[in-house]
Amino acid sequence: MTGHWIILPVVLPAFVAGLMVTAMRNDLLLKRVTGVTSILLLNALALALLWSASTHGPQVYFLGDWPAPFGIVLVLDRLSAMMVLLLAALALAVVLYAIGSGWDAKGAHFHPLLQFLLMGIGGAFLTGDAFNLFVFFEILLIASYGLMIHGGGSARARAGLQYVAFNLIGSSLFLFALALTYSVTGTLNIADLAAKLPDLPQGDAAMLRVTAVLLILVFAIKGALVPLQFWLPGTYANAPGVVAAMFAVMTKVGAYATLRFGAMVFPPDLPATGTLISDLILPAGLVTLVIGAIGVLGASTLPRLVAFGGIASMGTAFIAIGAFTPATTAAALYYILHSTLATAAMFLVADLVIRRRAHARLTETAPPIAQAGLISALYMAAAIAMAGMPPLSGFLGKLLILDAFRAQAPLVWSVILLSSFLMILGFARAGSTLFWKPSAMEAAPDDRAPEGLAFTGTFGLLAGLVALTLLAGPVTGWLGATSESLYAPQGYIAAARLGQGG
Amino acid sequence: MEALVAITIGTLTAVGLYLTLRLRSFPVILGLTMLSYAVNVFLFASGRLVQNQAPIIGSGETYADPLPQALVLTAIVISFGMTAVIMIMAIGGFLESGHDRVNMAASDPADADQDDAEEGWA
């Protein structure tokens with residue numbers, strides 16, 4: 001049995017971050033070594049937890065040994081284990097890139113903030129309690145505020161202010177939703193909610209519907225679902241590139257929470273809510289995808305282009321999530337894995353370009369950048385992944401989603417295929433401005449130190465995409481079983497051992 | 001008492017939302033604070049309103065629900081910390097750009113038009 005292992009993905013980064021702030025304040029090298037070591041350990045832990053969740057089924061950890069639903073529990077199931085592994089893998093690439101590119105030296109606290117971010121996101125994936133989810137959201141947000149303005153600058157500070165204000169409103173909304181949940185059901189434990197809601201008295205159905213919509217609104221803010229996506233382009237485009245890459249997993253926290261609540265707590269066969277959530281998310285996802293694709297085509301700077309690509313990928317993920325059937329959810333999970341790695345890789349490539357190019361604008365050319373050949377190859381690979389073209393996993397992900405939506409083919413297929421076409425156009429146009437048109441101009445002298453680790457991080461993410469493509473068979477099989485377990489939450493509810501304690 | 005609490009929450013939320021939609025950072029922060037006050041009172045009400053009862057089962061006929069009190073305590077601490085953070089960020093933004101407008105105007109030379117390659121992630 002896993003015992004105390006379940007809480008380690010939360011405790012390890014928290015401990016390391018505290019150690020960095022207190023004992024390694026002025027020693028960048030020590031912070032780098034500790035940070036990478038901690039993230040490597042996190043990867044090993046995540047692998048062990050994934051193995052344990054796949055073989056032993058859902059497991060619970062009682063914080064302070066208080067019995068559920070009175071105390072807070074962490075629940076490890078296949079979905080949360082998969083998301084923690086995704087987080088750890090992304091963090092490894094990001095920290096290598098940050099060290100290689102020197103981004104982490106531009107402010108005092110990059111490494112501790114990154115560790116706190118890992119703690120918050122990991123906790124949000126693992127927690128089995130809705131209020132605890134709020135607390136972990138706040139932890140990841142406060143770390144992301146610090147990372148967002150890392151490196152300073154006026155535009156970044158003001159974009160950061162908008163980001164913080166938007167998220168504080170989201171937090172207030174979350175608290176309203178949680179208070180409503182508690183007043184209707186008398187519990188905030190996710191397993192307890194899933195067990196109690198089917199027997200809810202008829203009179204509370206209206207309140208429950210309000211609760212469900214409020215919760216989904218909060219998760220839609222996190223996941224940048226239209227019409228709540230306005231914070232994303234400004235934030236991601238103004239954040240340091242390496243931080244934007246790390247933020248690629250933050251939108252997935254919204255997707256994860258939507259999936260967890262939509263499939264487990266408010267499933268489509270719950271009489272009080274029915275298909276309410278699905279009816280809201282599916283159209284919003286379609287519009288998000290279209291807006292993202294148009295944004296990719298019309299973006300004036302490279303970071304905004306990638307940010308809109310991120311919005312489009314969230315739209316695709318939410319379309320697949322919004323149907324709430326086991327088949328579509330398995331496709332959604334595959335696409336979430338793919339799009340996190342692809343968006344992060346694209347942000348890293350964009351950062352490689354921006355730091356070498358004279359300006360970030362796509363409306364005019366600039367002298368060719370140093371190492372243009374290698375970087376343009378990386379750009380092409382990442383763009384293929386983002387746009388969902390063969391041979392990378394984006395194509396397989398979209399294929400899985402299209403296949404799962406045979407029933408609604410005319411609408412969903414045409415939106416996904418058309419927006420893919422727009423994104424191909426957008427990425428190709430940007431690529432030709434960045435790499436082809438300048439080839440006639442004179443190159444700027446290359447006085448940069450080689451950034452081996454930065455390229456390692458970027459290649460690592462692309463290697464992850466290749467692995468996801470090659471291992472698509474076993475991965476989708478595993479994801480199928482995962483989404484089946486999400487729609488049959490008896491295992492999850494039994495694992496929480498409601499009212500019995502440890 | 002229900003009416004009084006409901007009116008209080010409604011007023012605080014309305015004021016908070018109005019102020020949050022302002023263009024300067026100081027009213028926006030005030031609005032966020034108002035919103036967090038509103039949500040704190042709302043959290044209290046989620047455990048049903050009872051007067052003069054101990055939060056202990058068996059101490060009397062009825063009891064006050066202790067869980068919302070714990071939730072409110074957590075929410076207060078978090079919103080307090082968040083307000084401090086956004087305050088610092090607003091002051092930082094004001095000192096760097098010389099004004100406290102929240103919007104990012106396209107005419108503003110500070111954003112979308114930075115030529116410095118190192119800081120030009122705009």
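No experiment lies behind these values; they were computed from the predicted model shown. By convention in this document, chain letters (A, B, ...) are assigned in the order of the sequence lines, proteins followed by strands, and residues within each chain are numbered from 1.
- One finds the CZ atom of Arg158(A) at 6.5 Å from the CZ atom of Arg101(B) (value rounded to the nearest 0.5 Å).
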Using residues 83-94 of chain B as the side-chain source, report each donor-acceptor pair under 3.5 Å to any protein atom, sequence neighbours left out, with the distance given to one decimal.
residue, atom, partner, partner atom, Å
Thr83(B), OG1, Ser79(B), O, 2.6

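- In terms of heavy-atom pairs under 4.5 angstrom with chain A, the leader among Asp100(B), Val102(B), Ile78(B), Ile29(B) is Ile78(B).
- Summarising the geometry, atom CD1 belonging to Ile369(A) is positioned 8.5 Å from atom CD belonging to Gln371(A); distances are rounded to the nearest 0.5 Å.
- Here CD1 of Ile142(A) is found 12.0 Å from CG of Leu147(A). Values are rounded to the nearest 0.5 Å.
- Once rounded to the nearest 0.5 Å, the distance linking CG of Leu178(A) with CZ of Phe174(A) reads 4.5 Å.
- By the 6.0 Å contact criterion, OH on Tyr145(A) is enclosed, its count of non-hydrogen atoms from other residues, nucleotides or ligands being greater than 12.
- A distance of 5.0 Å separates CZ of Arg357(A) from CG of Leu434(A), quoted to the nearest 0.5 Å.
- For chain A, the nearby part of Val28(B) is the side chain; its heavy atoms alone come within less than 4.5 Å.
- Inspection of non-hydrogen atoms places Ser46(B), Gly47(B), Arg48(B) of residues 46-55 of chain B under 4.5 Å from chain A.
- Taken from OG1 in Thr185(A) to CG in Asp192(A), the straight-line distance is 7.5 Å, to the nearest 0.5 Å.
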Before giving the answer on side-chain contact (heavy atoms from CB on, under 4.5 Å), spell out for Phe347(A) and Val242(A) the whole-Å C-alpha distance, their side-chain angles and the decisive distance to 0.1 Å. CA-CA 7 Å; Phe347(A) 269 117; Val242(A) 62; over 6 Å; no

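- Counting heavy-atom pairs closer than 4.5 Å to chain A, the top residue among Leu71(B), Leu35(B), Leu95(B), Asp65(B) is Leu71(B).
- Of residues 160-173 of chain A, those residues lying under 4.5 Å from chain B by any heavy-atom pair are Gly160(A), Leu161(A), Gln162(A), Val164(A), Ala165(A), Leu168(A), Ile169(A), Ser172(A).
- Interface remark: of the candidates Ala366(A), Ala179(A), Ala157(A), Ala179(A) forms the most heavy-atom pairs closer than 4.5 Å to chain B.
- If you measure heavy-atom distances from Ile149(A) to chain B, the contacts under 4.5 Å come from the side chain alone.
- Counting only heavy atoms from C-beta outward, the side chains of Arg355(A) and Ser101(A) approach each other to under 4.5 Å.
- No side-chain heavy atom of Val72(B) sits under 4.5 Å from any side-chain heavy atom of Gln69(B).
- Close approach to chain A, defined as a heavy atom under 4.5 Å from one of its heavy atoms, is seen in Thr20(B), Ser25(B) of residues 17-27 of chain B, taken by number.
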